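A short write-up of the structure that comes next.
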There are 2 protein chains.
Amino acid sequence: MKPNKATMADVAERAGVSAATVARVIYKNGYVKDETRQVVEAAVKLTGYRPNMVARGLRTSRSFTLGMVVSESNLNTFAAAVAHVIQIEALKSGYTVFTLNNHSDPAMEARGMQRFLDHHVDAIIFCTAIDPANVRLGHRSGVPTVQVERLVAQVGGLVGVDPADGMRQTIDHLFDLGHRKFAYIGGDVDSSRMESSLGEAIEATRERVFIDNLARYDIHVPPAYIRRGPYYQSHGAGRQTGYRLMKDILSLTPRPTAVVCGSDLLAAAALQAIAEAGLTVPTDLSITGYDDTLADILTPALSSIAQPIGELGRLAVEIALAAINDPAAPLPKVTVPTRLVLRDSTGPARL
Amino acid sequence: MKPNKATMADVAERAGVSAATVARVIYKNGYVKDETRQVVEAAVKLTGYRPNMVARGLRTSRSFTLGMVVSESNLNTFAAAVAHVIQIEALKSGYTVFTLNNHSDPAMEARGMQRFLDHHVDAIIFCTAIDPANVRLGHRSGVPTVQVERLVAQVGGLVGVDPADGMRQTIDHLFDLGHRKFAYIGGDVDSSRMESSLGEAIEATRERVFIDNLARYDIHVPPAYIRRGPYYQSHGAGRQTGYRLMKDILSLTPRPTAVVCGSDLLAAAALQAIAEAGLTVPTDLSITGYDDTLADILTPALSSIAQPIGELGRLAVEIALAAINDPAAPLPKVTVPTRLVLRDSTGPARL
DNA sequence: CTGAAAGCGCTAACAC
DNA sequence: GTGTTAGCGCTTTCAG
């Protein structure tokens with residue numbers, strides 16, 4: 001049973017008009033006599049007509065689709081959350097989105113990009129690209145691109161995140177609680193995966209902002225107190241990175257009283273190491289996360305630096321659509337702020 | 001710069017043949033003289049020709065796209081994981097997938113479905129549909145549908161999950177550890193969202209299997225020891241469901257020594273309530289999760305019932321593609337098993 | 001073995 | 001105001 005097969009011609013016939021008139025009614029284009037409009041609308045309703053986006057796409061070279069590349073491990077709920085918002089926003093604007101997970105594999109991402117191009121998507125949003133070459137490919141093919149959170153190639157639009165506010169609030173908060181010895185657990189930078197001309201990766205920025213804010217209080221963090229590792233460990237590959245890095249930190253003398261983490265996942269695994277060492281958060285040690293995704297469901301619930309997910313997604317779609325509607329205009333690079341969300345993982349420093 | 005704009009006609013011209021011949025070469029259809037093939041292939045390479053899937057779709061009424069509806073809250077990493085696998089599998093088979101998150105809202109899901117149909121997707125996979133009407137709509141429109149994990153409408157294919165094995169292992173394990181007093185925390189069933197003729201919702205099945213397995217040991221669970229609530233609380237809406245339900249359970253006399261949860265997220269929030277009560281897992285209380293997604297990163301890491309995510313995704317795509325290639329064949333309903341993954345949240349019962 | 005021609009469903013000039 | 005026409009890029013008979 002396939003009732004939705006009514007074509008524009010069918011509607012036209014039913015209404016006793018031409019296809020062109022039907023189109024005019026549907027897209028409210030040229031002038032149509034009011035009476036005619038009624039008839040056509042009735043015919044549309046009657047036949048259950050729905051425009052064929054494929055045919056429309058061929059004719060107009062506008063597919064009304066967006067390609068979205070996400071880099072979302074099972075536990076990277078941040079990227080997932082942004083992706084959700086993007087889908088909703090796109091939907092609102094009449095766009096449907098192709099999603100592709102690059103699984104942190106440049107080759108996979110490349111294949112997906114090619115698919116997007118083959119399907120003539122109107123724009124591509126990278127919810128963090130893994131390989132600059134892929135962003136450039138999109139750009140080179142004349143498809144507007146928007147990079148979210150992480151800039152890997154100096155083309156197209158960007159919706160960046162500024163960790164400064166959140167980090168400042170975090171350091172202020174911890175300092176006020178009496179903390180003077182800090183450590184940092186962060187994601188490591190694969191600099192091969194961004195264009196060298198771009199300067200700092202976001203991981204480096206987070207670290208720098210951490211250090212700078214402590215410097216305001218004349219606190220200097222020795223290199224040994226800053227540890228880095230991969231954001232994700234594939235499922236079943238044993239403990240996540242933060243576990244190992246926290247163990248390293250716990251073996252340091254003197255032991256820090258506050259540990260700032262570059263993601264909630266790193267912090268979650270850090271909590272495991274802390275518990276294993278027989279220590280308690282926040283009594284023995286304060287700890288903070290970043291992303292505010294997992295933070296809420298951990299024990300103790302994490303104080304965490306939140307990135308404005310809704311804002312990120314909205315802006316990404318907005319920029320993409322603007323670029324589609326005006327291909328000549330340059331794509332903007334915008335930045336959104338972060339803020340600390342307080343929960344239960346931070347407390348007075350144990351002296 | 002738009003180099004990828006070479007059309008089939010361009011290639012044909014370059015090669016000094018007709019478009020029809022180019023098509024034959026590309027899709028290895030009819031006979032083509034070897035020499036001609038060479039020339040055409042060279043022209044393809046030279047022009048960087050890529051088939052236009054939109055035009056192809058119009059002509060063949062096969063869009064080589066799949067629609068995927070996911071019901072994935074930010075913390076529902078299970079659905080996200082299945083969605084990933086589906087994308088990969090589809091990609092392998094030449095399909096690109098439109099993703100839509102229904103955000104647990106039937107109206108949103110309906111809108112997305114309509115988009116999928118407008119774009120003439122070749123099949124639709126529901127990574128748990130929210131409204132049977134939407135599944136039926138797809139089916140009625142002649143688009144093969146596959147439901148994953150949860151069956152809400154008695155049409156199309158199904159890749160179901162059988163909790164029996166995992167639950168049996170869980171109960172055996174806990175019983176062997178000396179546990180005799182059990183409680184259960186599960187997702188509640190919104191029966192308005194499934195067709196009444198279908199029998200049990202998966203939530204009900206999990207509960208039943210829990211009860212039945214305990215009955216094997218002559219253990220009877222009073223109703224007060226079985227609590228239900230919504231799987232997810234939207235971000236910022238306070239503690240997740242499991243927190244409240246666990247608080248309720250902790251106030252019961254006698255207190256159970258083992259609590260089985262219907263999802264890792266419920267268990268995660270339950271851990272928060274347990275910690276708040278000053279109790280320790282697994283010393284004072286054993287607890288198990290379901291999904292094996294968050295399980296790994298919690299403190300303590302959860303023993304959890306794992307559903308075979310890769311298998312689920314693979315089968316869903318397989319069934320969808322089979323239906324596309326043979327629209328007459330009935331869509332199968334298959335079931336995959338579960339198993340317990342042991343970690344640190346289960347221990348000897350405290351007497 | 002290869003080319004010519006028709007047409008998928010829609011839109012955008014251009015007529016009337 | 002409305003109809004006619006000519007394709008968008010591709011596939012698929014049908015001739016040859």
Side-chain angles (χ1 to χ4, degrees), chain A residues 2-41 43-44 47-65 94 117-122 141-142, chain B residues 2-41 43-44 47-65 94 117-122 141-142:
Chain A
K2 316 195 177 195
N4 282 10
K5 272 304 186 189
T7 162
M8 203 148 163
D10 297 341
V11 178
E13 195 183 357
R14 257 296 195 310
V17 298
S18 76
T21 301
V22 176
R24 281 191 270 261
V25 169
I26 291 177
Y27 301 111
K28 316 181 195 309
N29 273 345
Y31 295 79
V32 183
K33 206 203 302 179
D34 217 48
E35 188 190 352
T36 316
R37 177 189 317 285
Q38 314 270 311
V39 179
V40 172
E41 277 167 353
V44 166
T47 55
Y49 170 77
R50 296 249 86 213
N52 181 333
M53 299 308 280
V54 180
R56 213 141 116 65
L58 178 58
R59 180 60 229 245
T60 60
S61 55
R62 290 254 260 142
S63 63
F64 287 93
T65 61
L117 296 177
D118 290 352
H119 282 280
H120 287 231
V121 298
D122 293 338
S141 307
Chain B
K2 314 194 178 193
N4 283 10
K5 273 301 186 190
T7 162
M8 205 148 165
D10 297 341
V11 177
E13 194 184 356
R14 254 303 192 306
V17 298
S18 75
T21 301
V22 175
R24 279 191 271 260
V25 169
I26 291 177
Y27 300 111
K28 315 181 193 311
N29 274 344
Y31 296 80
V32 184
K33 206 204 299 177
D34 217 49
E35 188 189 354
T36 315
R37 179 190 314 287
Q38 314 271 311
V39 179
V40 172
E41 278 167 353
V44 167
T47 54
Y49 170 77
R50 296 249 87 212
N52 180 334
M53 299 307 281
V54 180
R56 214 143 115 65
L58 178 58
R59 180 59 229 244
T60 60
S61 54
R62 290 255 260 140
S63 64
F64 286 94
T65 60
L117 296 177
D118 291 352
H119 282 280
H120 287 229
V121 297
D122 293 338
S141 308

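Nothing here was measured: the structure is a model prediction, and the numbers come from that model. Reminder, nothing fancy here: chain letters follow the sequence lines and each chain counts from 1.
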(message) Just verifying a value: how many Å separate B/Asp122 CG and B/Arg62 CZ, rounded to the nearest 0.5 Å?
(response)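 Result: 5.5 Å between the selected atoms.
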(request) Would you give a per-nucleotide map of nucleotides 8-16 of chain D, 5' to 3', where B means the base has a protein non-hydrogen atom under 4.0 Å away, S means only the sugar-phosphate does, and - means neither? (result) BBBBB----
Over all heavy atoms of both residues, which pair between [X] and [Y] is shortest? Give the atoms and the distance, please.
| X | Y | value |
| --- | --- | --- |
| A/Val25 | A/Val32 | CG2-CG1, 4.0 Å |
| B/Leu117 | B/Ser141 | CD1-OG, 3.5 Å |
| B/His120 | A/Asn52 | CE1-ND2, 3.5 Å |
| B/Gly57 | A/Val54 | C-CG1, 3.8 Å |

What is the distance, rounded to the nearest whole Å, between atom [atom1] of [X] and atom [atom2] of [N]?
| X | N | atom1 | atom2 | answer |
| --- | --- | --- | --- | --- |
| A/Arg62 | C/dC10 | CZ | C1' | 15 Å |
| A/Asp10 | C/dC8 | CG | C1' | 13 Å |
| A/Ile26 | C/dG9 | CD1 | P | 14 Å |
| B/Glu35 | C/dT2 | CD | C1' | 13 Å |

(message) Mind checking if A/Val54 touches a base, just sugar-phosphate, or nothing, with heavy atoms under 4.0 Å?
(response)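 Contact class for A/Val54: none.
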(request) Identify whether any heavy atom of B/Thr36 sits under 4.0 Å from a base atom; if not, whether one sits that close to sugar-phosphate; answer base, sugar-phosphate or nothing. (result)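 If one applies the 4.0 Å heavy-atom cut-off, B/Thr36 turns out to touch the sugar-phosphate alone, with no base involved.
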(request) Go through the steps for B/Tyr49 and B/Ile26 under the test side-chain contact (heavy atoms from CB on, under 4.5 Å), then give the verdict. (result) CA-CA 10 Å; B/Tyr49 170 77; B/Ile26 291 177; 3.3 Å; yes
(message) Whether A/Thr21 contacts D/dT2 is assessed here as follows: a side-chain N or O lying under 4.0 Å from the phosphate OP1 or OP2. Is that the case?
(response) no
(message) Between the opening five pairs and the closing five pairs of the helix from C/dC1-D/dG16 to C/dC16-D/dG1, how far apart are the helix axes, to 10°?
(response) 40°
May I have the list of side-chain donor-acceptor pairs in residues 8-21 of chain B shorter than 3.5 Å, sequence neighbours left out?
| unit_1 | atom_1 | unit_2 | atom_2 | d |
| --- | --- | --- | --- | --- |
| B/Asp10 | OD2 | B/Thr7 | N | 2.9 |
| B/Ser18 | OG | B/Ala20 | N | 3.3 |
| B/Ser18 | OG | B/Thr21 | N | 3.4 |
| B/Ser18 | OG | B/Thr21 | OG1 | 3.4 |

(request) Mind running side-chain contact (heavy atoms from CB on, under 4.5 Å) on B/Thr65 and A/His119 for me, showing each step along the way? (result) CA-CA 9 Å; B/Thr65 60; A/His119 282 280; 3.5 Å; yes
